[in-house]
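One structure is given below, encoded as structure tokens.
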Amino acid sequence: MLKKFLLSAAALFFILITDAQELRDNFYVKVLSQELNRNIEQLRLPDLGKPFFISYKLRNAVSQTIRAERGRIVTPFYGPSEIKTASVKLLVGDYHRNFDYLFDDGSYVMLPDENNADEFRRLLWLETDRAYKMTAQQYNATTAALKRVTVDQKELDLPDLAKIDPVVKDYGGLPAISGAERWKPLLEKLSALFIAYPQITSSACYLAINNGEEYLVSSEGSIVRKPVSQITLTISASMQGKEGSNIFETYNTYVTRMEELPDYKTLEDTTRGLIRKIIERDNAPQFEGSYLGPVLFEGASLADLISGFFRYSLGVNRKSILYPDNGTTFYEDKLGQKLIASGLTLTALPHLKTYEGRHTTGAFDIDYNGVIPPDSLVLIQNGVLKNLLNGRTPTQKFRAPGGFAAGERGYSAGILNLSADVVVPLNNMKKELVKAAREEGLPYAYIVRGVNVSYGQVPYLYRVDTATMKEELLTGFKFTNLNMRSLRRFIAAADQQHLWNQSLYSVICPQSMIIGEIELEAENSVVKAKPIIVSNPLLDKEPEAAARKSKVKKR
């Protein structure tokens, strides 16, 4: 038994060594490593500190877009296009004091299409030189400025950059683009569905494929290659409403594999539904007065609400030792406090590749800094804030690298999972909504459907008569004070969860949720768009017919 174990361990070790050597022999890795080693050894100017840290990132991206409008492909060039970029991060000083978090460092340089090692190194050399001079001058200026202010010693004692164990790992290369050609006739057919509705002034169906491979090489010894795949199918339409406002609808589906895109019949039904909804919205009555009470959020509107509340807020913020932090919310000071209802728990699941047979768009193996995140991290447990997302910038309560860095200053959970302990059958959610409204003596309750509640696109608001359960679509409304605190009045969630993919991000949450205290007001906009002066030629059929009759009479 022991012999078999030792043989297996030896075989695994050999595979790891082989994979690491193959990665080091990669063309891009060799170019980045050679120029990095040269610069880390030779960069030095009088009166400017020597760099102690350099990292290069290279992105090799291949993209393809196919766009159709009114039954025709309108993309000038729909073949795959390749773009290569590189970025330089350079720090002067040491791990304890380098002021990394104070400055928006890091820059990008375009690389030529041809894989020319000499040209790549020349461009990296120029950008590294520029980054060094700028960073070293900032370091000296900030060191001098610190002598003129009084700073809390606890903050001064914090290091500016946490040390990490270097990783040498190849997670895979550039995903191939295949199957795009068959979508051209499908997009043409979908876009042709809008022809019968000339009142819709703008419409399009397009497929965007963005695949890439990203490389990280650092002076600490990290060498990482990882693939990135994002495929987006969009159907959009807009028209000018009767009140002069622009009414637009957009459907997006995000996947990482072409075979996971919806079939044509599903997309045809979706497109016809989008057309029906945009016309229905134009004819819907206006919301009047105001409302404060329970609201049922369904489908993508709930997922977008959760994303809007938590996607960018639950990351650490380092308190500046030089500049005032006016307006910054330090959630680190709220650890252990109740943020949302006790019945809700929020968990980050960065490694979750699939959910109920579908691939997630937010999963990642390693973060922007080359740190592997945990399999899961409970952010909010039973309403209480337990953890935050962090990277390599230490704070008072988060000293170790967390593995959630998504850029120089941003963090990402990759996948957020919101679960609830008060659930009811999905089909009973409307009844629960009406019950909650009746208990408050309200004649109406409201249901929100659609997408992008937090990002500008107006969702569908349905008023529900609590006596008859009848629904009516309304327009001309706005949410007031809709924020994370709204979830403190959580009432119930559906007993079924669903995966909602977004751009490089995923949310797993209940199919619907009732929030007990939502404010709605009428959208009383004083300024309205002027109507189009000249009529739409596609709608102006009568003058054309009259002109033809006139020509016939003259003959």
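Note that the coordinates shown come from a computational prediction; the quantities given were computed from them, not determined experimentally. In this chain, residues are counted from 1 in sequence order.
Side-chain contact between V228 and E214 is present, with heavy atoms from C-beta onward closer than 4.5 Å. Within the 4.5 Å cutoff, side-chain heavy atoms of L233 are placed close to those of L187. Considering only heavy atoms from C-beta on, E472 stays 4.5 Å or farther from Y462 through its side chain. Side-chain contact between I231 and M258 is present, with heavy atoms from C-beta onward closer than 4.5 Å. Under the 4.5 Å side-chain criterion, counting only non-hydrogen atoms from C-beta, M469 is in contact with K430. By the 4.5 Å heavy-atom criterion applied to side chains, H498 and R358 are counted as neighbours. Side-chain contact between D495 and L426: present, with at least one pair of heavy atoms (C-beta onward) separated by less than 4.5 Å. Residues C509 and L499 have side chains not in contact (no heavy-atom distance under 4.5 Å, counting atoms from C-beta outward).
The backbone N or O of A208 lies less than 3.5 Å from no partner atom in the side chain of T232, so there is not a single donor-acceptor pair. Within the 3.5 Å criterion, the main-chain N or O of G414 finds a donor-acceptor partner in the side chain of S412. No donor-acceptor pair closer than 3.5 Å links the side chain of D282 to the backbone N or O of I278. In this structure, N387 contributes its side chain and V378 its backbone to a donor-acceptor pair below 3.5 Å. A donor-acceptor contact shorter than 3.5 Å links the side chain of R438 to the backbone of T466. For D263 (side chain) and T266 (main-chain N/O), a donor-acceptor pair under 3.5 Å exists by modelled atom type. Side chain of E213 to backbone of L174: a donor-acceptor contact under 3.5 angstrom is found.
Remark: K184 engages E181 in a salt bridge, criterion side-chain N to carboxylate O under 4.0 Å. Salt-bridge check for D269 with R276: failed, with every basic side-chain N at 4.0 Å or more from each acidic carboxylate O. Note on E471 versus R449: salt bridge recorded, some NZ/NE/NH1/NH2 to OD/OE distance being below 4.0 Å. Comment: R67 engages E69 in a salt bridge, judged by a side-chain N to carboxylate O separation of less than 4.0 angstrom. Looking at D367 and K226, no side-chain N of the basic residue comes within less than 4.0 Å of a carboxylate O on the acidic one, giving no salt bridge.
Looking at T395 and E332, their side chains do bring a donor and an acceptor atom within 3.5 Å of each other. A donor and an acceptor atom, one from each side chain of N382 and S342, are nowhere located under 3.5 Å apart. Side-chain contact annotation: S229 with N211, donor-acceptor N/O pair under 3.5 Å present. Between the side chains of S376 and T347, not a single donor N or O lies within less than 3.5 Å of an accepting N or O. There is a side-chain donor-acceptor pair under 3.5 Å between S307 and Q502. Between the side chains of T475 and Q286, at least one donor N or O lies within less than 3.5 Å of an accepting N or O. The closest side-chain donor-acceptor pair between N481 and E519 falls under 3.5 angstrom. A donor-acceptor contact closer than 3.5 angstrom is absent between the side chains of S486 and E517. Using modelled atom types and a 3.5 Å distance limit, the side chains of S506 and N501 yield a donor-acceptor pair. S301 and D304 share no donor-acceptor pair across their side chains, judged by distance under 3.5 Å alone.
Here the OG1 atom belonging to T271 is positioned 6.5 Å from the CD1 atom belonging to I275, to the nearest 0.5 angstrom. The NZ atom of K338 lies 12.0 Å from the CD1 atom of I380; values are rounded to the nearest 0.5 Å. In this structure, I200 CD1 and E249 CD are separated by 9.5 Å, a value rounded to the nearest 0.5 Å. Separating the CG atom in L487 from the CZ atom in F309 is a distance of 5.0 Å, to the nearest 0.5 Å. For the atom pair L433 CG and I515 CD1, the distance stands at 11.5 Å (nearest 0.5 Å). One distance of note links CZ of F287 with CG of L474; it measures 7.5 Å at 0.5 Å rounding.
Scanning both residues, P510 and L302, for their nearest heavy atoms gives O-CD2, 3.3 Å. Nearest heavy-atom pair across P373 and F364 is CG-CE1, 3.5 Å. Taking every heavy atom of both residues into account, I73 and A68 meet most closely at CD1-CB, 4.0 Å. When every heavy atom of T329 is checked against every heavy atom of K334, the shortest pair comes out as CG2-CE, 4.0 Å. For the pair T256 and T360, the tightest heavy-atom approach, listed with the atom from each and the gap, is CG2-O, 3.8 Å. The minimum heavy-atom distance between Q64 and I177, with the atom names listed, is OE1-CG2, 3.4 Å.
When each of L389, I340, L305, V507 is paired with F310, the side chain to side chain contact (heavy atoms under 4.5 Å, CB included) condition holds for I340 and for no other.
Considering only residues two or more places apart in sequence or on other chains, T253 meets the side chain to side chain donor-acceptor pair (under 3.5 Å) condition with none of them.
Around the CZ atom of R485, the shell of radius 6.0 Å holds no more than 12 heavy atoms that belong to other residues, nucleotides or ligands. Within 6.0 Å of NZ on K397 lie more than 12 heavy atoms contributed by other residues, nucleotides or ligands. Around the CD atom of E288, the shell of radius 6.0 Å holds no more than 12 heavy atoms that belong to other residues, nucleotides or ligands.
F103 has its ring centre no less than 6.0 Å from the ring centre of Y101. Taking the six-membered ring where the residue is Trp, the centroids of Y446 and Y291 are separated by under 6.0 Å.
A cation-pi contact links R281 to Y460, judged by a cut-off of 6.0 Å to the six-membered ring centre and 45° from its axis. Under a cutoff of 6.0 Å and an axis angle of 45°, K57 and Y368 form a cation-pi pair.
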Legend entry - CA sep, side-chain torsions, deciding dist, call: D421, L344, side chain to side chain contact (heavy atoms under 4.5 Å, CB included): CA-CA 7 Å; D421 63 0; L344 299 175; over 6 Å; no
Inset, instruction - Apply side chain to side chain contact (heavy atoms under 4.5 Å, CB included) to the pair L385 and Y331, showing each step before the final yes or no. - result: CA-CA 9 Å; L385 182 64; Y331 279 97; 4.2 Å; yes
Inset, instruction - I would like to know whether T393 and F398 meet side chain to side chain contact (heavy atoms under 4.5 Å, CB included); could you show each step before the answer? - result: CA-CA 8 Å; T393 301; F398 294 90; over 6 Å; no
Inset, instruction - Go through the steps for R70 and S191 under the test side chain to side chain contact (heavy atoms under 4.5 Å, CB included), then give the verdict. - result: CA-CA 5 Å; R70 301 180 64 79; S191 66; 5.7 Å; no
Inset, instruction - Let me see the working for T234 and N252 under side chain to side chain donor-acceptor pair (under 3.5 Å), right down to the final yes or no. - result: CA-CA 5 Å; T234 301; N252 288 307; 2.6 Å; yes
